[in-house]
Participant: 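This structure is in structure tokens; I'll ask about it shortly.
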Amino acid sequence: MTFEAVTTFLRKIAPLMSLTKKELELLSTPKKVLQSELDVNGKKYSAYHVQFNDARGPFKGGIRYHPDVDLDEVTSLAFWMALKTAVADIPFGGGKGGVTVNPKELSSHEIEGLSRQFVRAFHEHLGPTKDIPAPDVYTTPQIMAWMLDEFEKITGEHAPGMITGKPLELGGSLVRDIATALGGVYVLEEAIKKIGLEEKTVAVQGFGNAGMNMAKLLFEKGFKILAVSDSQGGIFDSNGLDITELIRVKKETGSVVNYSGTKITNKELLVTGCSILIPSALSGVITTENASAVKAKIILELANGPTTSSADDILHKNNVLVLPDILSNSGGVTVSYFEWIQNMYGYYWDEETVKKRLKEKMVTAFSGIWNMYSQNEHDFRTNTYIVAIRKILTAEKLRGMV
Ligand code: GLU
């Protein structure tokens with residue numbers, strides 16, 4: 001989503017919160033924008049690192065490798081990270097990194113070179129109490145390991161808390177691999193209880209880390225997964241898909257479309273007859289063109305920015321509960337926070353402890369926003385933004401910035 005669209009939404013809710021001009025400006029301006037050109041075998045790749053806001057703690061957010069990455073997108077994503085850490089109530093700010101590259105076209109050795117260069121370009125601005133990156137679209141625990149190694153080579157000391165989403169052997173946390181999806185499950189379960197949803201049929205767009213784990217966790221809990229998709233297309237079965245089998249097919253053939261079932265397009269998946277829709281891929285997929293055709297009662301946004309602002313208004317009018325990205329996918333950064341705590345203490349938690357603490361965080365965040373939502377006429381996203389913005393501005397006020 002463009003940063004212009006992001007700030008338009010901010011301006012829309014500013015009167016509801018009586019934001020001053022100065023506050024609005026502070027919220028719409030990144031603190032630092034860093035850019036570099038990375039070189040792999042003579043080929044150049046643009047790299048960005050945006051530090052949006054650190055009033056509540058060190059900048060935090062993932063690094064994305066994708067051909068569509070540009071400064072505008074990284075800025076929007078960095079802004080959302082600042083809101084996300086506030087909603088999750090963890091002591092971090094928001095930042096984001098990105099490289100304009102299709103990693104599928106690079107060898108593992110080239111990806112390693114690119115990742116080490118990223119750290120060499122921005123290392124002065126990174127560190128466990130400054131700015132803590134993590135995985136995002138197409139970046140993996142192995143990439144985090146290379147980045148950590150490069151950082152430690154430069155600084156000459158061990159600093160596992162400079163990056164999260166690492167492999168367990170280098171100080172990663174249990175549950176971090178499924179945390180985005182699991183956090184989403186906890187939010188969804190609470191929302192289902194609140195609105196008394198009985199039919200539990202699901203469509204999941206995207207079969208990367210978030211989408212695949214979401215489909216798997218819900219399948220194991222007995223939800224009927226009617227449709228899933230990846231970048232090559234989707235698959236539908238009114239009797240429910242066998243997600244264990246689907247994961248095998250995806251791993252073996254590279255796409256869910258090779259599973260036996262009715263083929264559908266990504267567009268069709270969004271308007272499929274189901275009670276829960278989970279966009280887990282890219283941004284801007286639910287728009288004014290398809291919003292009124294959405295049949296789901298709940299949209300759980302696991303992707304960042306899948307719904308446009310005008311689509312939101314249509315969905316709200318049609319009584320569709322949209323659980324926004326900055327809440328629904330905050331399980332990832334929440335377990336990143338747990339990983340960072342464990343690194344700083346050098347003391348590691350068991351799986352049960354991580355899951356219990358993640359659930360506490362997600363349920364508390366959801367319940368606080370639900371209480372507000374049930375007492376006013378604004379949609380759930382607006383209420384979520386109000387909670388996040390209040391927290392950021394309180395910290396800025398205490399620092400004397402506004
Ligand atoms: N990239 C993830 C996100 O957008 C995780 C960020 C993190 O763990 O810092 O929330």
Side-chain angles (χ1 to χ4, degrees), residues 1-30 52-56 60-61 75-90 92-96 183-184 187 190-191 279 283-284 286 291 298-317 320-334 361-362 364-397 402:
M1 196 183 286
T2 62
F3 190 58
E4 175 57 32
V6 170
T7 45
T8 304
F9 184 64
L10 255 188
R11 280 195 298 274
K12 188 172 138 193
I13 63 171
L16 308 178
M17 301 184 68
S18 316
L19 295 184
T20 64
K21 223 176 139 209
K22 199 167 173 202
E23 287 171 331
L24 189 58
E25 196 173 310
L26 188 124
L27 289 168
S28 346
T29 317
F52 206 97
N53 187 288
D54 67 341
R56 302 182 55 265
K60 183 88 192 83
T75 308
S76 301
L77 291 163
F79 168 78
W80 285 326
M81 282 310 306
L83 298 184
K84 211 184 281 189
T85 51
V87 170
D89 202 26
I90 58 179
F92 289 138
K96 199 88 178 191
V187 168
E190 292 305 300
S283 72
I286 304 174
I298 296 179
I299 298 181
L300 182 87
E301 296 184 337
L302 272 198
N304 288 311
T307 312
T308 67
S309 185
S310 11
D312 241 349
D313 296 339
I314 300 174
L315 293 164
H316 187 53
K317 235 182 269 145
V320 181
L321 176 64
V322 182
L323 299 164
D325 46 8
I326 56 169
L327 168 70
S328 305
N329 71 27
S330 67
V333 74
T334 299
K361 279 282 190 202
M362 302 305 298
T364 306
F366 173 85
S367 308
I369 303 161
W370 182 272
N371 286 345
M372 277 174 63
Y373 170 72
S374 51
Q375 285 166 33
N376 64 36
E377 73 283 6
H378 311 311
D379 61 31
F380 206 83
R381 187 187 316 275
T382 302
N383 279 288
T384 310
Y385 268 62
I386 292 174
V387 167
I389 290 169
R390 268 194 200 140
K391 280 194 194 155
I392 295 170
L393 288 180
T394 303
E396 292 285 14
K397 261 184 206 133
V402 278

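All heavy atoms count here, side chains included; hydrogens, waters and symmetry mates do not.
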Participant: Are the side chains of K96 and N304 in touch, meaning some heavy atoms are under 4.5 Å apart?
Facilitator: yes
Participant: Are T384 and L83 close enough that some pair of their side-chain heavy atoms sits under 4.5 Å apart?
Facilitator: no
Participant: State, to 0.1 Å, how close G183 and M362 come at their nearest heavy-atom pair, and which atoms those are.
Facilitator: O-CE, 3.6 Å
Participant: Taking the side chain as C-beta and beyond, is there a heavy-atom pair between V387 and L327 under 4.5 Å?
Facilitator: no
Participant: Answer whether the closest heavy-atom distance between the side chains of T8 and R11 falls below 4.5 Å.
Facilitator: yes
Participant: As a quick check of understanding, evaluate side-chain contact (heavy atoms from CB on, under 4.5 Å) for L19 and L393, giving each step before the final call.
Facilitator: CA-CA 10 Å; L19 295 184; L393 288 180; 3.4 Å; yes
Participant: Does any N or O in the side chain of S328 come within less than 3.5 Å of the main-chain N or O of L300, such that one atom is a donor and the other an acceptor?
Facilitator: no
Participant: Could you pull out the closest heavy-atom pair between G284 and T308, with the gap in Å?
Facilitator: CA-CG2, 4.3 Å
Participant: Answer yes or no: is there a donor N or O on one side and an acceptor on the other, between the side chain of T29 and the main chain of L26, under 3.5 Å?
Facilitator: no
Participant: Any Lys/Arg nitrogen of D313 or K12 sitting under 4.0 Å from an Asp/Glu carboxylate oxygen of the other?
Facilitator: yes
Participant: Compare all side-chain heavy atoms of T7 with those of F79 and state whether any distance is below 4.5 angstrom.
Facilitator: no
Participant: Taking all heavy atoms of P30 and all of S28, pick out the closest pair and write down the distance.
Facilitator: CD-O, 3.9 Å
Participant: Please find the pair of heavy atoms, one from S76 and one from T2, that lie closest to each other, and give the distance.
Facilitator: OG-C, 3.5 Å
Participant: Find out whether N53 and E396 are in side-chain contact, i.e. whether some heavy atom of one side chain is under 4.5 Å from a heavy atom of the other.
Facilitator: yes
Participant: Test R56 against I392 for side-chain contact (heavy atoms from CB on, under 4.5 Å), laying out the working first.
Facilitator: CA-CA 7 Å; R56 302 182 55 265; I392 295 170; 4.1 Å; yes
Participant: Taking all atoms of both residues into account, what is the closest heavy-atom pair of S309 and F9, and its distance?
Facilitator: OG-CD1, 3.7 Å
Participant: Distance-only, no hydrogens or angles: does the K361 side chain make a donor-acceptor pair with backbone N or O of D89 under 3.5 Å?
Facilitator: yes
Participant: Is the distance between the ring centroids of F380 and F366 under 6.0 Å?
Facilitator: yes
Participant: Give me the atom names and distance for the closest heavy-atom approach of H378 to L16.
Facilitator: CE1-CD2, 3.7 Å
Participant: Once rounded to the nearest 0.5 Å, what's the spacing between atom CD1 of I386 and atom CE of M372?
Facilitator: 4.5 Å
Participant: Are V402 and T20 close enough that some pair of their side-chain heavy atoms sits under 4.5 Å apart?
Facilitator: no
Participant: Taking 4.0 angstrom as the limit, do R381 and D325 come out as a salt bridge?
Facilitator: yes
Participant: If you measure from CG on L27 to CZ on F52, what distance do you get to the nearest 0.5 Å?
Facilitator: 7.5 Å
Participant: So, the side chain of T75 versus the backbone of F3: is there a donor-acceptor pair under 3.5 Å, distance only?
Facilitator: no
Participant: Do K60 side-chain atoms and F92 backbone N/O form a donor-acceptor pair below 3.5 Å?
Facilitator: no
Participant: When you look at Y373 and L321, which way does the side-chain contact (heavy atoms from CB on, under 4.5 Å) test go after all the steps?
Facilitator: CA-CA 11 Å; Y373 170 72; L321 176 64; 3.7 Å; yes
Participant: Measuring from atom CD1 of I298 to atom CG of L315, what distance do you get when rounded to the nearest 0.5 angstrom?
Facilitator: 13.0 Å
Participant: From I369 CD1 over to S374 OG, what is the distance, rounded to the nearest 0.5 angstrom?
Facilitator: 12.0 Å
Participant: Could you point out which residue of N383, T382, N376 forms a side-chain hydrogen bond (donor to acceptor under 3.5 Å, both in side chains) with D379?
Facilitator: T382
Participant: Could you measure the distance from the CD1 atom of I90 to the OG1 atom of T334? Nearest 0.5 Å is fine.
Facilitator: 4.5 Å
Participant: Looking at side-chain heavy atoms only, is the closest gap between E23 and K397 below 4.5 Å?
Facilitator: yes
